[in-house]
Amino acid sequence: MDFSYRLLSWYHKNGRSLPWRDTEDAYHIWVSEIILQQTRVDQGIHYYYRFIDAFPDVYSLSAATEDQVLRLWQGLGYYSRARNLHKAAREIAGKHGGILPGNSKDLEKLSGIGPYTAAAIASMAFKEVVPALDSNVYRVLSRLFAVSEAIDTVKGRKIFNDLSRDLISHDDPGGFNQAMMDFGSLVCKPANPDCMSCIFRLECLAYKRNAISRFPVRHPKKVPVKRYFVYAVLEEVSETGEQYFFVQKRTRQDIWKHMHEFPLLEKKENPIENTEAIEAWLTSLCGNKKAYTICGSPLYLKHQLTHQTIHAYFIRVRIHAVSGKKLQESYMRTTAETFDKLAKPRLIERFLDCCF
DNA sequence: AACGCGGGGCT
DNA sequence: AGCCCAGCGTT
């Protein structure tokens, strides 16, 4: 089969030049692969430079705190990637002498490394002949062979796995995998693919059937759920003139785990008209009605996630004198400077951009 | 197998 | 407004 030869020829002429290519350092490749999970290259590349700069090797990453790693990941989303990367780095530093496992099966045992990432690292860093199936590859193959099985089922995955195993280059598996991904993102794009410059156009079954847009097949997605957040932005100015905020770290199995935010009241329905309930909440936070003053009217921000629509209201509150017990026990009192260094979700960053 | 997990670009 | 992106872990 000359598929891989033709693909690699295309790749050597048209492939992208990226900082994690042309390196033997498995750690660098690993970091790039984690950053690029469900993330476009354009979006992730800046984070890659900053991450490698801050943590140039496994040991520097393992020596960092989770908070430091999350702060660097801030704004990129899917924060479990950062937590798992950090966790795995500590495991490698502790149990593997700082060396990444040298094959895909052992790589897959590490936190945050699944079938795709294991195959990507093993093929690129260790020349293991194993196909890395990401959504680019699913798209390219589903169109080439008009695969009508959905890509997000076990049955479908097996079909694509088998196809790739037949096609993959044994001389340059890493190049093959990267070539497939570049081809998918540069030519066989999700929308408006560039079929006219496609080297496989004449063999492409989807193109022949004039059915490009029907591939790949995937299961329909769920509609986003609505959530209503009311944040109390509690500001206290001490006698020395220092400004303090009250913040908390999210710990639940939910969005933004281990990221920081303001005291939060969440409702299923829009609560903003119910001023009594909100004031009761603020009072319980601050101890009594005289302990605080609401500044102005709430600021509303809509925040769209892939699977949730968050309607957020920020209420700025000035705290006088002594704070309530609940505030002391459940929340951290931080200076503006310290707060700045904490990892925060985009929504909180957006609010800060508006008001501070 | 189904679900939850971000943020941003493209159409 | 909806779809998609160098997927993975949990339930």
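Chain naming here is simple, since letters A, B, ... match the order of the sequence lines and numbering starts at 1 in each.
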Q | Side chain of Tyr116(A) (C-beta onward), nearest among dC5(C), dC8(C), dG6(B) | A | dC8(C)
Q) What integer distance in Å separates Asn192(A):CG from dC10(B):P? A) 12 Å
Q.
Does dG4(B) have its OP1 or OP2 closer than 4.0 Å to a side-chain nitrogen or oxygen of His307(A)?
A. no
Q: Quick one: label Asp152(A) by what it contacts on the DNA or RNA (base, sugar-phosphate, nothing), any heavy atom closer than 4.0 Å.
A: nothing
Q) Between atom NZ in Lys221(A) and atom C1' in dC3(B), what is the gap in whole Å? A) 13 Å
Q) What integer number of Å spans the P atoms of dA6(C) and dC5(B)? A) 23 Å
Q: Would you please indicate if the ring centroids of Trp20(A) and Tyr48(A) are separated by under 6.0 Å?
A: yes
(Q) Is the terminal nitrogen or CZ of Arg143(A) (NZ for Lys, CZ for Arg) located under 6.0 angstrom from the six-membered ring centre of Phe215(A) and within 45° of that ring's axis? (A) no
Q.
Against the six-membered ring of Tyr47(A), is Arg50(A) placed for a cation-pi contact (under 6.0 Å from the centre, within 45° of the normal)?
A. yes
Q: Measure across His258(A) and Leu70(A) and return the closest heavy-atom pair with its distance rounded to 0.1 Å.
A: O-CD1, 3.4 Å
Q. What's the CZ-P distance between Arg350(A) and dG7(B), to the nearest Å?
A. 10 Å
Q) Which whole number of Å gives the distance between the P atom of dG9(B) and that of dC8(C)? A) 24 Å
Q) Can a side chain N or O of Gln308(A) be found less than 4.0 Å away from OP1 or OP2 on dG4(B)? A) no
**Q.** Cation over ring face, Lys249(A) and Tyr331(A), 6.0 Å, 45°
**A.** no
**Q.** Sugar-phosphate, base or nothing in reach of Trp30(A), heavy atoms under 4.0 Å
**A.** nothing
Q.
Pick the closest DNA chain B nucleotide for Thr153(A) and for Gly77(A) by heavy atoms, then say which residue is nearer the 5' end.
A. Thr153(A)
**Q.** Residue mapping more 5' on DNA chain C - nearest nucleotide basis, Lys87(A) or Gly184(A)
**A.** Gly184(A)
Q.
Measure CD/Glu349(A) against P/dG8(B) and give the value in whole Å, please.
A. 11 Å
**Q.** Nucleotide of dG6(B), dC5(C), dA6(C) approaching Ile255(A) most closely (side-chain heavy atoms)
**A.** dG6(B)
Q: Ignoring backbone atoms, test whether Arg346(A) places a side-chain nitrogen or oxygen under 4.0 Å from the OP1 or OP2 oxygen of dG8(B).
A: yes
**Q.** Integer-rounded Å distance: dG4(B) P and Arg83(A) CZ
**A.** 16 Å
**Q.** Distance-only donor-acceptor test, Gln43(A) side-chain atoms vs dG7(B) base atoms, 3.5 Å
**A.** yes
Q: Check whether any side-chain nitrogen or oxygen of Lys222(A) sits under 4.0 Å from OP1 or OP2 of dG4(B), and answer yes or no.
A: yes
Q: Please state whether the phosphate of dG7(C), meaning OP1 or OP2, lies under 4.0 angstrom from any side-chain nitrogen or oxygen of Gln37(A).
A: no
Q | Base dG6(B) to side chain Thr306(A), donor-acceptor N/O within 3.5 Å cut-off | A | yes
Q. Any side-chain N or O of Arg81(A) under 4.0 Å from OP1/OP2 of dG9(C)?
A. no
Q: Tell me which nucleotide among dG7(B), dA6(C), dC8(C) gets nearest to the side chain of Arg16(A).
A: dA6(C)
Q.
For residues Leu285(A) and Tyr228(A): do they belong to one hydrophobic cluster (side chain heavy atoms under 4.5 Å, members Ile, Leu, Val, Met, Phe, Trp, Tyr)?
A. no
(Q) Using OP1 and OP2 only, check whether a side-chain N or O of Trp256(A) sits under 4.0 Å from dG7(B). (A) yes
Q. Does OP1 or OP2 of dC5(C) have a side-chain N or O of Arg218(A) closer than 4.0 Å?
A. yes
Q | Rounded distance in Å - CG (Leu76(A)) to P (dA6(C)) | A | 13 Å
Q) In this structure, which one of Leu301(A), Ile272(A), Ile278(A) forms a side-chain contact (heavy atoms from CB on, under 4.5 Å) with Tyr313(A)? A) Ile272(A)
Q) Given that Gln178(A) and Ser111(A) both sit by DNA chain C, which one's nearest nucleotide is further toward the 5' end? A) Gln178(A)
Q. How close or far is atom C1' of dG7(C) from atom CZ of Arg40(A), stated in whole angstroms?
A. 16 Å
Q. Nearest-Å distance, NZ (Lys189(A)) to P (dA6(C))?
A. 13 Å
Q: Among dG7(C), dG7(B), dG9(C), find the nucleotide with the atom closest to the side chain of Thr117(A).
A: dG7(C)
Q. Quick one: is dG7(B) close enough that its OP1 or OP2 comes under 4.0 Å of any side-chain N or O from Tyr79(A)?
A. yes
Q) How is Leu18(A) classified with respect to the nucleic acid when contacts are heavy atoms under 4.0 Å: base, sugar-phosphate, or nothing? A) base
Q | Arg214(A), CZ atom: more than 12 neighbouring heavy atoms under 6.0 Å | A | no
Q) What nucleic acid atoms does Asn84(A) come within less than 4.0 Å of, heavy atoms only: base, sugar-phosphate, or nothing? A) sugar-phosphate
Q: May I ask you to verify if any side-chain N or O of Thr39(A) is less than 4.0 angstrom from the OP1 or OP2 atom of dG8(B)?
A: no
Q. Starting at the 5' end of DNA chain B, which residue's closest nucleotide do you reach first, Ala191(A) or Gln38(A)?
A. Gln38(A)
Q.
Need one value for Val137(A): base, sugar-phosphate or nothing, where a base atom within 4.0 Å counts as base even if backbone is also close, heavy atoms only.
A. nothing
